[in-house]
Each structure stands twice: as C-alpha cells, then as structure tokens.
Amino acid sequence: MSFVVTIDGPAGAGKSTTARAVAARLGFLYVDTGALYRALALKVRQGGISPDDLAAVERCTRETQVALSGSPDGAHVWLDGAEVGDAIRTPEVSELASRLAAQSPVRRRLVEIQRVLAERGPLVAEGRDLGTVVYPDAAVKVFLDADLDARARRRARELEGRGIPVPFDDVRAELARRDERDRGRADSPLLIPEGALVVNTSALSIEAQIEAVLSAVRAHPDFPATERDRGAPGAPRDRGKRGETGEPGTPGGVGADPGPG
Ligand code: DC
C-alpha cells in the first residue's frame, strides 16, 4: 500500500475542500469515496429501485461500473462509462447514498474499489470509514468535525454555487438525518479512528484546515516528499502526471468492471 492520508468526518465538515487542496499541494491522488456511493445512488434512482429492496440493490451494485478519474483540481466521477457531473450532488442523491451506504453488500463492493486505488500511488482519501475500515494502516488519519450550523451553512453555500439552491433549514435537517444514519449504522459507522488527528473546523479558515493536515503529513517519518510539494523550498509548481487518476478504461484509470462478482 502506498502512503495514504485519510480524512473522515460528517458531511459539511470541510473534507472535500481540505482533501483536494492537500492532494493538489502534495501531488497525491485525490479520492472522493462519497462520490462512489453517490454514483451508485444515482443509478438506483434512475432504475426506479427501492432502497428497501435489498436484493435489487445488491444486483444493481454488482452490475454497475463506477470510477473516478482526473486530478484534485479536476476530478471526474463515472457511472457505467458516462460522466455524472453535478447530478450526484442533489439532496435526493445525498439522502439515497446514505441509505445505500448502510447496506453491507454495497459497502463491500465499493471498499474493494477504494483499496485498489491505494496501489496506484500516494493518496488523500475522504469519507466516513477510511481510517477505521478501508485503510486501517493509513500513515496519517484525520477526523474533521464542525458544529451542525457551521456545516449546514457551508453545505448550503456549496449547493448554491453548484446551481442547486436549497433553503438553509432543509440543508440542516438533511445533514442531521444523514449524520445520524452514518454514525448509527451497524457496518462501518462514522467514528473517530484510533490515533486520528481531530480538527474542529467550526471557526477555522480553510487555509488553517489545510495547514493542519499538511503539517501532520509532512511530519510523518515515511512522508514521500515530492517535487510538487509546494511547501518544499524551491519546489516547482508545474502539473505533472503525478496526482492524476487517469481516465477509466486506460491504464491510469480507476474503477470496477461489472464482472461476475
Ligand atoms: O461524503 P459524501 O457526503 O459525498 O457521502 C455521501 C454518503 O455516502 C454519506 O452520507 C455516507 C456515504 N459514505 C460512506 O458511507 N462511506 C464513505 N467512505 C463515504 C461516503
């Protein structure tokens, strides 16, 4: 396994912004694990499958190809060979992703995909169970948290920016509902991983969040300093091949074949 940095935490704690920036600055791969659950949720929704029909969800999970590609600054999510864009960011898909994420066959399948990624090079991954279940041997584990109002404000702003305006109270209620489900499920609940650096981002600037994580990573004895680490003296800022997950279907691409199992 390569050098892995995990960032877990509830929705809206700042995981995506932080993980993406840390990956970009270090030239690491960026892995948005929530996007895999979201892409599957989009498929289930498009297929008119009830999340309560466990057998149908399991079948759909087996038959679906989900993949990530691109770089931290331009990450792409693929569903059966088509880019999904912001269709996976709607409140309906968020809710459905959280419901499906409580089902073990879904988790097993998506965890397999996440583990394969760690063979491709150093990475920063964000999610709920990364430091506890997916990458228990990760070099650096971070847990980002923030109070519900701060998280709801950020999420509402983010949705607005994506052209999906949602009233603040609805965003807050959705986050609270998802948190409860993500923390309370039997399989891989959201937990603070042992040994994790816990950062409460309620009153932190984005830059301070990013710096907190970068400091922990750089302090690790196995940290593979790269020429793209902008913190290093004299480091160039050019974009190399490094840190790109490639396109699905190419050797650099990541994903899962529909395959037999
Ligand atoms: O991080 P996100 O909001 O995009 O994740 C969407 C849902 O996916 C989240 O409510 C729970 C689930 N999820 C998970 O169970 N485990 C992960 N590692 C990532 C996401």
Side-chain angles (χ1 to χ4, degrees), residues 6-16 19 31-61 64 66 77 79 84 87-114 125-136 141-156 158-159 164 166-193 196 198 200-202:
T6 60
I7 303 185
D8 289 305
K15 297 189 301 291
S16 295
V31 177
D32 174 5
T33 65
L36 299 172
Y37 290 88
R38 287 171 179 273
L40 183 66
L42 184 64
K43 171 81 174 262
V44 164
R45 190 173 153 81
Q46 286 170 345
I49 298 167
S50 161
D52 299 323
D53 185 344
L54 304 186
V57 169
E58 185 170 356
R59 199 175 326 115
C60 178
T61 305
T64 301
V66 289
V77 183
L79 173 62
V84 296
I88 59 167
R89 303 292 166 190
T90 64
E92 293 76 24
V93 171
S94 302
E95 175 70 14
L96 185 53
S98 169
R99 292 183 68 175
L100 299 179
Q103 300 183 21
S104 294
V106 168
R107 301 204 71 81
R108 267 198 301 277
R109 176 91 170 128
L110 297 185
V111 166
E112 264 171 36
I113 297 174
Q114 295 164 53
E126 56 145 315
R128 303 291 188 290
D129 61 337
L130 306 185
T132 50
V133 175
V134 183
Y135 309 113
K141 300 181 183 185
V142 178
F143 190 89
L144 289 190
D145 208 350
D147 61 51
L148 181 59
D149 279 342
R151 292 189 289 114
R153 269 195 305 277
R154 282 185 199 146
R155 182 47 58 94
E158 182 204 321
L159 286 169
I164 312 170
V166 181
F168 174 81
D169 287 347
D170 293 359
V171 174
R172 193 179 186 281
E174 184 234 299
L175 287 191
R177 203 169 43 238
R178 271 211 290 151
D179 277 0
E180 196 180 325
R181 192 184 296 115
D182 295 344
R183 288 183 203 275
R185 68 186 174 220
D187 188 344
S188 317
L190 171 64
L191 286 173
I192 299 178
V198 180
N200 189 309
T201 66
S202 305

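From a predicted model like this one, the values you see are computed outputs, not experimental measurements. What's counted below: heavy atoms across the whole structure, side chains too, no hydrogens, waters or symmetry copies.
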Evaluate the criterion side-chain contact (heavy atoms from CB on, under 4.5 Å) for residue pair Q114 and L36; output intermediate values, then yes/no. CA-CA 9 Å; Q114 295 164 53; L36 299 172; 3.8 Å; yes

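- Across K15 and P10, no two heavy atoms sit closer than the pair NZ-O, 2.9 Å.
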Show your reasoning for whether side-chain contact (heavy atoms from CB on, under 4.5 Å) applies to L190 and F143. CA-CA 10 Å; L190 171 64; F143 190 89; 3.7 Å; yes

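- The structure places CZ of R185 at 7.0 Å from OG of S98, a figure rounded to the nearest 0.5 Å.
- Side chain of T201 to main chain of A146: no donor-acceptor pair is present (N/O by atom type, distance under 3.5 Å, no hydrogens or angles).
- When L144, T33, D32 are each tested for a side-chain contact (heavy atoms from CB on, under 4.5 Å) with E126, only one passes: D32.
- With a 6.0 Å radius and a threshold of 12 heavy atoms from other residues, nucleotides or ligands, E92 has its CD atom above the threshold.
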Atom pairs and distances, donor-acceptor, side-chain atoms in residues 44-51, under 3.5 Å, two or more places apart:
unit_1	atom_1	unit_2	atom_2	d
S50	OG	D52	N	3.0

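- Among R155, R128, R151, R172, the one residue that satisfies the salt bridge (charged side-chain N to carboxylate O under 4.0 Å, His left out) test with D179 is R151.
- At distances below 3.5 Å, at least one donor-acceptor pair connects side-chain atoms of K141 with backbone N or O atoms of G131.
- The line from SG of C60 to CG of L100 is 8.5 Å long, rounded to the nearest 0.5 Å.
- Minimum interatomic distance between A35 and R89 (heavy atoms only, all atoms of both residues): CB-NH2, 4.0 Å.
- Between L42 and the choices V66, V84, L96, T90, the side-chain contact (heavy atoms from CB on, under 4.5 Å) rule is met once, by V84.
- L175 CG to D170 CG: the interatomic distance, rounded to the nearest 0.5 Å, is 11.0 Å.
- Here S202 contributes atom OG and D145 contributes atom CG; the two are 7.0 Å apart, rounded to the nearest 0.5 Å.
- Here the CZ atom belonging to F168 is positioned 4.5 Å from the CG atom belonging to D149, to the nearest 0.5 angstrom.
- Take D129 and apply the salt bridge (Lys or Arg N to Asp or Glu O under 4.0 Å) test, not counting sequence neighbours, and it matches R107.
- Of all heavy-atom pairs spanning D147 and A150, the tightest one is OD1-N, 2.9 Å.
- Listed by chain and number, the residues in a salt bridge (Lys or Arg N to Asp or Glu O under 4.0 Å) with R181 are E95 (sequence neighbours excluded).
- Rounding to the nearest 0.5 Å gives a distance of 13.5 Å between CD1 of I113 and CZ of R108.
- A salt bridge between R154 and E158 is absent, with no side-chain N of the basic residue lying under 4.0 Å from a carboxylate O of the acidic one.
- Using modelled atom types and a 3.5 Å distance limit, the side chains of R109 and T64 yield no donor-acceptor pair.
- Residues D8 and P193 share a closest heavy-atom pair of OD2-CG, 3.8 Å.
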